[in-house]
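A quick write-up on the structure given underneath.
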Amino acid sequence: MRRIEEAVFKALMVISLFIVLGSLLAVILVVVIRGAPALTLSMVTQVPQGGFYLGKEGGILNAIIGSLYVATGATLIAIVIALPFAWYLNQYAGKSRFADIFRAILDIATGVPSLLYGAFAFSIMLAIGAKTSLLWGILTIALFITPLLARSFDEVIQTVPFKLKEASFALGATRLETVLYVVSRQALPGILTGILLAFGRGIGDAASILFTAGYTDSIPTSLGDPVATLPLAIFFQLGSPIPAVQARAYASGIILLAIVLILSVVSRVLTKRYMKYVIK
Amino acid sequence: MDATESVAPEIRVRDLHVILEKREILKGISVEIPKNRITAIIGPSGCGKSTLLRCINRMIDLVEGASVTGEVLIGNVDALSPGIELTELRRRVGMISQTPNPLPMSIFDNIAFGPRIHGERDSKTLDATVSRCLKTVGLWNEVHERLYDPAAKLSIGQQQRLCLARALAMEPEVLLCDEITSALDPISAKHIESELLAIKNEYTIIFVTHILRQARRIADHVIFLYLGELVESGPAAEIFSSPKDPRTKEYLEGVFG
């Protein structure tokens with residue numbers, strides 16, 4: 001009887017595994033099959049030329065560069081805010097109620113749909129009369145990924161064993177030195193993973209920057225210029241009735257997937273490199 | 001072992017009380033610890049050995065809700081005075097824990113950590129410190145070709161010797177050793193013991209242990225604690241051969257503990 005139970009539940013687990021892997025594979029397959037024919041060299045080396053949106057020559061270099069600008073800028077801002085936040089929460093706030101309340105607020109913030117962050121930023125832009133631009137795109141995405149990053153930093157920093165902090169204090173280190181040189185060093189692989197995941201979320205999000213970053217066929221030359229992004233490029237091209245343009249939407253999807261894939265490989269390599277210093 | 005008596009005391013503990021969550025862990029300890037000798041603190045588990053140790057470098061501060069009163073004079077500085085610079089106190093009073101706790105960095109950086117945070121920037125000085133400390137603990141020959149490897153890769157015994165070297169790198173006056181061989185294999189434990197014996201003329205070593213044979217092997221001076229009270233202290237030879245207090249006698253005979 002218990003052997004049957006074992007077999008049934010094992011089968012259920014394998015089925016869930018296939019559902020997860022299968023759906024991911026299906027998405028990738030559809031995007032690749034429909035996009036591959038349109039994925040030419042000019043797609044990644046040129047900005048849209050005249051008649052691009054009717055299926056004529058040009059590429060989406062504007063959106064590739066734009067997305068990298070937005071996601072990189074936003075990730076940098078988010079790190080600068082989230083890291084000290086997580087340090088403070090762990091090293092100074094300790095197990096106080098204050099820290100618990102902050103963690104609860106962060107959890108809510110990570111659950112807010114990105115569209116609402118976009119709407120919030122847009123309302124501020126309206127109030128101060130700002131125009132859609134790279135700067136506002138970066139700020140919106142930063143707003144959206146900072147809570148994610150703060151919570152993931154907080155999680156990894158919480159797992160740092162107390163005996164390491166103790167060792168550092170016993171050597172005469174201050175709290176600041178302990179958190180900068182010991183705690184963060186131990187948490188580094190997790191911190192890197194968190195950063196790359198947040199970058200991935202930022203580069204893939206369309207809703208939050210729909211109102212704030214604008215869209216343009218050229219590569220922005222200043223923070224005040226509007227900027228094109230890959231998710232919006234996919235969105236606009238997919239809405240076209242012309243099949244050639246639709247195919248390009250899928251080709252843009254392949255490019256976005258490739259960026260995310262490269263990131264996750266880089267993150268794995270870095271994590272492995274720093275993992276060997278970690279004390280178990 | 002009369003020599004112990006003639007040495008000026010390095011540490012004077014006076015009327016030390018530690019209360020933790022309404023329980024009195026140390027009940028008014030007054031004791032003197034001689035300079036540049038190995039002093040063993042012995043006693044059954046829970047008698048307050050580690051707590052006494054942690055008052056000397058104020059690591060007791062990390063224990064939430066602990067209240068400490070009394071005096072712990074190191075030379076002429078009271079370690080318990082509120083105005084004391086903790087970073088400087090902990091530079092003077094190094095500590096090695098029960099289980100090895102290397103930092104998440106290379107062998108070199110583990111030893112250079114202390115000197116660096118205390119302001120040493122010169123790389124030649126750091127190089128010299130690292131090799132000197134590794135030689136003192138007998139680890140140099142084993143690791144000098146892989147100083148930049150992670151400390152986590154060393155064996156447990158090597159890690160504990162690294163922790164000893166790390167403490168020595170700060171040029172402390174006092175070394176606190178909290179059952180530092182209890183997590184080690186017998187051979188590594190023997191290494192550590194002989195290293196402590198080799199350096200004892202330069203450092204005041206306070207060694208917590210519940211292994212009586214170990215205390216007999218290495219201690220010059222003994223402090224016997226029982227249920228938070230100081231029962232007896234004095235030169236090791238005297239305590240082990242003719243204890244004055246019946247409780248010491250019973251503990252040494254293995255009646256309890």
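Model, not experiment: these values are computed from the prediction. Quick note on labels: first sequence line is chain A, next is B, and so on, each numbered from 1.
Using a 4.5 Å cut-off between non-hydrogen atoms, no part of residues 188-205 of chain A approaches chain B.
Both the backbone and the side chain of A:Val182 come within contact range of chain B, with heavy atoms under 4.5 Å apart. Only the backbone of B:Pro100 comes within less than 4.5 Å of a heavy atom of chain A; no side-chain atom from C-beta onward does. Residue B:Met170 touches chain A through its side chain alone, counting heavy-atom pairs closer than 4.5 Å. Of the two parts of B:Arg58, neither the backbone nor the side chain holds a non-hydrogen atom closer than 4.5 Å to a non-hydrogen atom of chain A. Using a 4.5 Å cut-off between heavy atoms, B:Asp61 makes no contact with chain A at all.
Residue A:Arg185 comes nearest to B:Pro104 through the heavy atom pair CG-O, 3.0 Å, listed as atom of the first residue, atom of the second, then distance. B:Ala152 and A:Lys276 get closest at one heavy-atom pair: CB-O, 4.0 Å.
Once rounded to the nearest 0.5 Å, the distance linking CD of A:Glu177 with OG1 of B:Thr87 reads 8.0 Å. From B:Asp149, atom CG reaches atom OH of A:Tyr277 across 7.5 Å, with rounding to the nearest 0.5 Å. The NZ atom of A:Lys163 sits 9.0 Å away from atom OG of B:Ser97, with the distance rounded to the nearest 0.5 Å. From B:Ile117, atom CD1 reaches atom CG of A:Leu180 across 11.5 Å, with rounding to the nearest 0.5 Å. Summarising the geometry, atom OH belonging to A:Tyr181 is positioned 13.5 Å from atom CG belonging to B:Leu103; distances are rounded to the nearest 0.5 Å.
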